[in-house]
Amino acid sequence: QVQLVESGGGLVQAGGSLRLSCAASGRSFSNYAMGWFRQVPGKERESVARISWNGGSTYYADSVKGRFTISRDNAKNMVYLQMNNLKPEDTAVYYCAARSGSSRIIAPEQYGYWGQGTQVTVSS
């Protein structure tokens with residue numbers, strides 16, 4: 001079992017930066033692949049970035065490549081999403097998620113553990 005709590009969302013102007021954090025509690029955090037997903041009303045939840053259990057592999061949506069960076073600190077049970085050069089279309093609720101197994105999996109339904117989400121709003 002893993003419990004996840006996101007923080008760091010907020011309101012930022014286009015071109016600005018935010019850093020999201022996800023604090024994990026429970027056993028064997030380092031055994032889990034982690035992901036950041038986002039969702040806007042009326043749309044499906046989409047994968048933004050994912051990271052393997054040891055941080056050795058990372059994956060990004062095309063829309064955020066070069067702007068977002070996912071990282072993790074297994075000693076602190078933390079996952080981060082550094083978001084730079086934010087755009088209004090990045091506005092969404094951002095969720096942290098965990099799964100046992102490969103981080104190459106992109107489908108949200110394959111992630112068994114979720115945080116409550118944090119709102120990111122980018123103004124133009």
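All values derive from a computational prediction rather than experimental measurement.
Scanning all heavy atoms of the two residues, the minimum distance from Ser21 to Trp36 falls at O-CH2, 3.6 Å. Summarising the geometry of Gln1 relative to Tyr32, their closest heavy-atom pair is N-OH, 4.0 Å, with the distance given to 0.1 Å. Here the closest heavy-atom approach between residue Arg99 and residue Ser102 is recorded as NH1-O, 2.7 Å. Nearest heavy atom pair, residue Asp73 against residue Tyr80, reads CB-CE1, 4.3 Å. For Leu4 against Cys96, the heavy-atom pair with the smallest separation is CD1-O, 3.6 Å. Of all non-hydrogen atoms in Asn74 and Asn77, the two that sit nearest each other are O-OD1, 3.1 Å.
Counted by atom type alone, Gln13 and Ser123 present zero donor-acceptor pairs between their side chains at under 3.5 Å.
Note: Phe29 and Trp53 fail the aromatic proximity criterion, with ring centroids not under 6.0 Å apart.
A salt bridge links Asp62 to Lys65: one of the charged nitrogens lies within less than 4.0 Å of a carboxylate oxygen.
At least one side-chain heavy atom of Asn84 sits under 4.5 Å from a side-chain heavy atom of Gln82. Within the 4.5 Å cutoff, the side chain of Ser47 has no heavy atoms near those of the Tyr59 side chain. Put simply, the side chain of Tyr94 reaches to within 4.5 Å of the side chain of Met83, judged on heavy atoms.
When hydrophobic clusters are built by joining Ile, Leu, Val, Met, Phe, Trp and Tyr residues whose side-chain heavy atoms come closer than 4.5 Å, directly or via intermediates, Phe37 is not grouped with Leu81. By the criterion of side-chain heavy atoms lying less than 4.5 angstrom apart, applied directly or through intervening Ile, Leu, Val, Met, Phe, Trp or Tyr residues, Val64 is not grouped with Tyr111; the two fall into different hydrophobic clusters. Both Met34 and Tyr60 belong to a single network of hydrophobic side chains, linked directly or stepwise wherever heavy atoms of I, L, V, M, F, W or Y lie under 4.5 Å apart. Residues Val2 and Ile105 are members of separate hydrophobic clusters, defined by side-chain heavy-atom contacts under 4.5 angstrom among Ile, Leu, Val, Met, Phe, Trp and Tyr. Residues Tyr113 and Ile51 share a single hydrophobic cluster, defined by chaining ILVMFWY side chains whose heavy atoms lie under 4.5 Å apart.
Between the CG atom in Asn85 and the CZ atom in Phe68 there is a gap of 9.0 Å [rounded to 0.5 Å]. For the atom pair CG of Leu86 and OG of Ser17, the computed distance is 6.0 Å after rounding to the nearest 0.5 Å. For the atom pair CG (Leu18) and CG (Leu11), the distance works out to 9.0 Å, reported to the nearest 0.5 Å. Expressed to the nearest 0.5 Å, how far CD of Gln119 lies from OG1 of Thr91 amounts to 7.0 Å. With rounding to the nearest 0.5 Å, the separation of CG in Leu20 from OH in Tyr95 is 13.0 Å. Interatomic distance, Arg67 CZ to Asp90 CG, rounded to the nearest 0.5 Å: 4.0 Å.
No side-chain donor-acceptor contact under 3.5 Å links Arg45 to the backbone of Gln39.
Surrounding CD of Gln116 are more than 12 heavy atoms belonging to other residues, nucleotides or ligands, all under 6.0 Å away.
Remark: Glu46 engages Arg38 in a salt bridge (Lys or Arg N to Asp or Glu O under 4.0 Å) (not counting sequence neighbours).
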